[in-house]
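Naming convention: chains lettered A, B, ... in sequence-line order (proteins, then strands); numbering from 1 in each chain. As the structure is a computational prediction, the values presented were derived from the model and not from experiment.
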2 protein chains.
Amino acid sequence: MGHSRADKAQTHERLVEAAATRFREKGLDGISLADLMKELGLTHGGFYKHFASRDALVAEAVEYAYTEGERTVAGLVDDQGQFDLARYVDFYLSDSHRDAPGSGCAISALSADISRRDEDTRSRYRQQLDGIFTRIGASFPGDKAEQRKQAIALMTRMYGAILIARGAGNSELSNEILQTVREQLYAALPNQA
Amino acid sequence: MGHSRADKAQTHERLVEAAATRFREKGLDGISLADLMKELGLTHGGFYKHFASRDALVAEAVEYAYTEGERTVAGLVDDQGQFDLARYVDFYLSDSHRDAPGSGCAISALSADISRRDEDTRSRYRQQLDGIFTRIGASFPGDKAEQRKQAIALMTRMYGAILIARGAGNSELSNEILQTVREQLYAALPNQA
DNA sequence: ATTATCTATAGATCTATAGATAATGC
DNA sequence: ATTATCTATAGATCTATAGATAATGC
């Protein structure tokens with residue numbers, strides 16, 4: 001079997017990571033605990049030594065996905081170490097991001113599911129969304145209020161585009177949507193310093 | 001019991017209608033056949049005299065929701081009988097549309113679920129989305145290609161806004177998103193004739 | 001001795017089917 | 001006679017728990 005305390009911590013982490021991927025791919029109800037444990041080569045009985053309930057795993061996995069998203073954004077910097085908004089748009093509206101929701105933005109992948117969850121989950125979601133508006137807004141000129149409006153404008157366009165591009169699968173229409181919105185957003189980006 | 005052929009046709013229709021509502025509210029897997037039948041005052045055993053499978057109901061219910069959406073759009077006309085795009089934006093980004101997905105736009109309510117379904121469902125979705133771009137595009141000036149780009153621009157913004165407004169529930173942030181995007185879209189509407 | 005994981009299972013829920021019941025409609 | 005709906009249930013699946021097993025770690 002093999003089960004040191006270090007193993008347990010690692011199993012916990014691997015569970016959260018696998019869940020964060022599968023939940024974004026298949027939805028928060030889209031994978032069973034048995035299948036998830038099987039994916040790690042474990043049996044389902046051991047699950048509750050790691051989490052009090054399935055909901056507890058959901059909470060940790062969503063948290064993990066949020067943090068992963070923040071790291072992705074933080075890594076998109078230009079030569080001067082400034083956040084590169086154009087690269088973010090490129091990534092966000094790419095075919096690969098559309099086709100791999102499991103490693104992509106949690107907001108677009110999980111908003112519909114989260115809107116059907118409890119208030120705690122939605123409250124945490126609001127906090128995350130608010131932080132995104134603040135971080136993205138910083139790339140725009142103007143005062144805080146104007147920056148925030150620009151961030152809301154940009155993000156709603158990307159969320160809407162990837163939502164329907166995913167609904168349309170990998171298709172001509174889906175590619176058209178992504179490309180069209182990419183072009184429109186390039187035109188709306190602030191001039192680079 | 002009461003069960004004429006007319007009753008059967010009515011039961012079928014009521015099932016599709018109730019499913020179209022609950023699926024948009026709770027997701028395509030969010031309500032069981034037993035609960036759906038109970039909602040109509042029926043027991044679950046009779047379901048399969050109406051549909052070959054649960055998936056068959058999903059297909060009909062999604063179809064129903066699409067058609068309902070088209071009727072809603074078709075009803076938004078101004079004094080001259082022209083489609084009133086401003087009223088559409090108003091309706092789409094309203095608090096009431098956010099809070100009542102069951103009677104609202106099927107695209108924003110079901111895109112995430114549909115992206116996880118079979119190719120037939122996604123193919124039908126593409127057809128619906130393409131039709132929406134054509135109909136909405138007709139309100140914009142320019143050639144077909146330009147109209148289509150404008151329609152994609154408008155619709156992605158509305159889809160993205162309602163997606164995250166719903167994730168954020170009925171909250172200050174949610175209201176801010178809806179209001180901000182409404183204002184931005186008013187400014188982008190074509191001048192009325 | 002402790003504990004991470006495994007085996008086994010309880011209890012709930014879900015889709016689907018079989019056969020009974022009570023109306024309709026020829 | 002036909003059939004829309006009901007009762008009952010099979011079979012699958014899911015979350016959660018109990019107790020056994022085989023390692024770790026004092």
Q: Would you list the pairs meeting side chain to side chain donor-acceptor pair (under 3.5 Å) in which at least one residue belongs to residues 161-179 of chain B, sequence neighbours left out?
A: R148(A)-E176(B), R98(B)-N170(B), R98(B)-S174(B), R98(B)-N175(B), Q179(B)-E183(B)
Q | Pairing residues for R87(A) by the salt bridge (charged side-chain N to carboxylate O under 4.0 Å, His left out) criterion, not counting sequence neighbours | A | none
Q: Report yes or no: do Q128(A) and R124(A) form a side-chain donor-acceptor pair below 3.5 Å?
A: yes
Q.
How many whole angstroms separate atom NZ of K8(A) from atom P of dA23(D)?
A. 19 Å
Q: Give, ordered by number, those residues of residues 21-29 of chain B having at least one heavy-atom distance below 4.0 Å to an atom of DNA chain D; if nothing qualifies, reply none.
A: none
Q: Indicate the atoms forming the closest heavy-atom contact of G27(B) with D113(B), along with that distance.
A: CA-OD2, 3.1 Å
(Q) Checking Y92(A) against S108(A): is there a side-chain donor and acceptor pair closer than 3.5 Å? (A) yes
Q: Please report the closest heavy-atom contact between Y88(B) and M158(B), naming both atoms and the distance.
A: CE2-CE, 3.6 Å
Q. What integer distance in Å separates H50(A):NE2 from dC6(C):C1'?
A. 12 Å
Q.
One thing to verify: whether R135(A) and D130(A) come together as a salt bridge, which I'm taking to mean a side-chain N less than 4.0 angstrom from a carboxylate O.
A. no
Q. Reading DNA chain C 5' to 3', how would its secondary structure be written in dot-bracket notation, given Watson-Crick and G-U pairs with both distances under 3.5 Å, brackets [ ] for crossing pairs and | for partners on other strands?
A. ||||||||||||||||||||||||..
Q. To the nearest Å, how far apart are K49(B) NZ and dA20(C) P?
A. 13 Å
Q) In terms of side-chain heavy atoms, does S123(A) have a donor or acceptor partner in D120(A) at a distance below 3.5 Å? A) no
Just the atom pairs and distances: protein N or O near nucleotides 14-16 of chain D's N or O, under 3.5 Å.
residue: dT15(D); atom: OP1; partner: R54(A); partner atom: NE; Å: 2.5
residue: dT15(D); atom: OP2; partner: L33(A); partner atom: N; Å: 2.9
residue: dA16(D); atom: OP2; partner: Y48(A); partner atom: OH; Å: 2.5
residue: dA16(D); atom: OP2; partner: R54(A); partner atom: N; Å: 2.9
residue: dA16(D); atom: O5'; partner: Y48(A); partner atom: OH; Å: 3.0

Q) What heavy-atom pair brings Y64(B) and A20(B) nearest, and what distance separates the two atoms? A) CD2-CB, 3.6 Å
Q. Counting side-chain heavy atoms from CB outward, which of dT5(D), dC6(C), dC6(D) is closest to T11(B)?
A. dT5(D)
Q: Return the value, rounded to whole Å, for the distance between atom CE of M37(B) and atom P of dT5(D).
A: 7 Å
Q.
Side chains of H12(A) and F51(A), heavy atoms from C-beta outward: is any pair under 4.5 Å?
A. yes
Q. CZ of F51(B) versus P of dA4(D): gap in Å, rounded?
A. 13 Å
Q | For R22(A), side chain to side chain donor-acceptor pair (under 3.5 Å) partners two or more places apart | A | E25(A), E39(A)
